[in-house]
Amino acid sequence: MQHLKLKSEWPIRASECRALQNQLADQVKLRPHRGVIRWIGGVDVGFPGRGRQTLAALTLLNADTLALEYSARAVLPTRMAYIPGLLSFRELPAVLEALACLPVAPDLLMVDGQGIAHPRGIGTASHLGLVSGIPAIGVGKSRLVGTFDAPDQVGKACRMYHNGVHIGYVLKSRARANPLFISPGHGIDPDQALDWVRYTLTGYRLPKPTRLADFLSRDRLR
DNA sequence: GCGACAG
DNA sequence: ATCTTGTCGC
């Protein structure tokens with residue numbers, strides 16, 4: 001919808017990106033989500049061709065059965081280098097393109113990356129939630145910011161803090177695997193974010209929506 | 001100045 | 001993230 005506008009307003013300079021983040025961070029809402037969720041979207045982004053291309057992979061699962069029903073991909077030339085804290089500016093253009101290709105709009109997005117567990121409180125999941133208007137959860141595979149105690153047993157989650165604020169959870173989703181970093185992105189609260197991730201775990205380290213999107217991003221979906 | 005640092 | 005196969009361990 002707002003893509004046409006996107007190209008002209010999308011910042012590339014690091015200083016401009018940070019300035020925009022500070023501005024957008026105030027709009028992030030973490031109030032509890034209300035309403036029925038029928039479709040869960042999974043988002044992952046790859047950078048094939050030694051990073052020259054940006055490939056966004058999106059999966060859409062039935063929230064009741066967790067069956068994969070739709071998927072979409074979009075490839076764009078990579079515009080920006082990877083800079084810790086500015087990942088959303090590198091990934092989102094392709095993600096928004098893929099999102100527009102889905103036949104049904106997701107009611108919830110699970111993103112490979114952080115939500116508010118970010119230096120300025122606006123990681124990729126928060127940024128995507130804001131610009132898409134869809135509730136979003138960040139499911140990171142490693143830490144960007146935050147302090148926490150390591151969860152020792154499978155299924156256990158420990159609260160994660162940053163500057164005294166509860167920003168999410170560290171969840172041990174599988175034995176002998178590094179924990180997941182769960183943080184709300186936008187339109188949902190920390191506990192609901194954790195609940196949805198737990199609900200979509202199917203015996204693997206990553207929740208099904210993101211796991212399938214990861215396969216899709218590298219042509220391994222089957 | 002030094003160390004940390006999503007994907 | 002990407003470049004890349006088989007292999008060791010739980």
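All values derive from a computational prediction rather than experimental measurement. By convention in this document, chain letters (A, B, ...) are assigned in the order of the sequence lines, proteins followed by strands, and residues within each chain are numbered from 1.
Chain A approaches DNA chain C over the interval C:dA1 to C:dC10, counting the first and last nucleotide 5' to 3' with an atom under 4.0 Å from its heavy atoms.
When heavy atoms are screened at a 4.0 angstrom cut-off, A:Leu86 is found touching base atoms of the nucleic acid. If you check every strand for non-hydrogen atoms under 4.0 Å, A:Phe47 touches sugar and phosphate atoms only. Contact annotation for A:Gly140: backbone-only contact, meaning every heavy-atom pair under 4.0 Å involves sugar-phosphate atoms and none involves a base. Among the heavy atoms of the strands, none lies under 4.0 Å from A:Gly138. Backbone-only engagement by A:Arg143 is indicated by non-hydrogen atom pairs under 4.0 Å involving sugar-phosphate atoms exclusively. Residue A:Arg174 is classed as having no contact, given no heavy-atom separation below 4.0 Å to the nucleic acid.
In this structure, the NE2 atom of A:His118 is 12 Å from the C1' atom of B:dG7, given to the nearest Å. Across the protein-nucleic acid pair, A:Asp44 atom CG and B:dA6 atom C1' stand 12 Å apart, rounded to whole Å. Residue A:Arg120 contributes atom CZ, which lies 13 Å from atom P of B:dA6 at whole-angstrom precision. The separation between A:Leu87 atom CG and B:dA6 atom P is 9 Å, rounded to whole Å. Note: CG (A:Asn178) to P (B:dG7) measures 11 Å, nearest angstrom. Rounding to whole angstrom units, CG of residue A:Asp112 and P of B:dA6 are separated by 12 Å. Between the CD1 atom of A:Ile122 and the P atom of B:dA6 there is a distance of 18 Å, given to the nearest Å. For A:His162 and B:dC5, the NE2 to P distance is 13 Å, given to the nearest whole Å.
Between A:Phe148 and A:Phe181, the two ring planes are perpendicular [angle over 60°; tilted spans 30° to 60°].
DNA chain C contains no stems of three or more consecutive Watson-Crick or G-U pairs with both distances under 3.5 Å.
Cation-pi check for A:Arg18 over A:Phe89 is not met; the charged atom does not lie both under 6.0 angstrom from the ring centroid and within 45 degrees of its normal. Remark: A:Arg211 is positioned above the aromatic ring of A:Tyr204, its terminal NZ or CZ atom under 6.0 angstrom from the ring centre and at most 45 degrees off the axis.
Counting heavy atoms from C-beta on, the side chains of A:Arg52 and A:Pro77 never come closer than 4.5 Å.
Note that the NZ atom of A:Lys172 and the CD atom of A:Gln153 stand 10.5 Å from one another [nearest 0.5 Å]. Considering CG of A:Asp107 and CG of A:Leu60, their distance stands at 8.5 Å, rounded to 0.5 Å. Distance OH/A:Tyr161 to CG/A:Asp149: 9.5 Å, rounded to 0.5 Å.
Looking only at atom types and distance, the side chain of A:Asp112 has no donor-acceptor partner in the side chain of A:Thr210 under 3.5 Å away. With no hydrogens or angles considered, no side-chain donor-acceptor pair links A:Thr59 and A:Ser71 at under 3.5 Å.
Heavy-atom distances to DNA chain C give each of A:Ser217 and A:Arg176 a nearest nucleotide, and the one nearer the 5′ end belongs to A:Ser217.
Remark: A:Ser142 is in phosphate contact with B:dG7, judged by side-chain N or O atoms under 4.0 Å from OP1 or OP2. At the phosphate of B:dG7, OP1 or OP2 sits under 4.0 Å from a side-chain N or O atom of A:Lys141.
With sequence neighbours excluded, the residues satisfying side-chain contact (heavy atoms from CB on, under 4.5 Å) with A:Thr200 are A:Ile40, A:Leu66, A:Met110, A:Pro207, A:Pro209.
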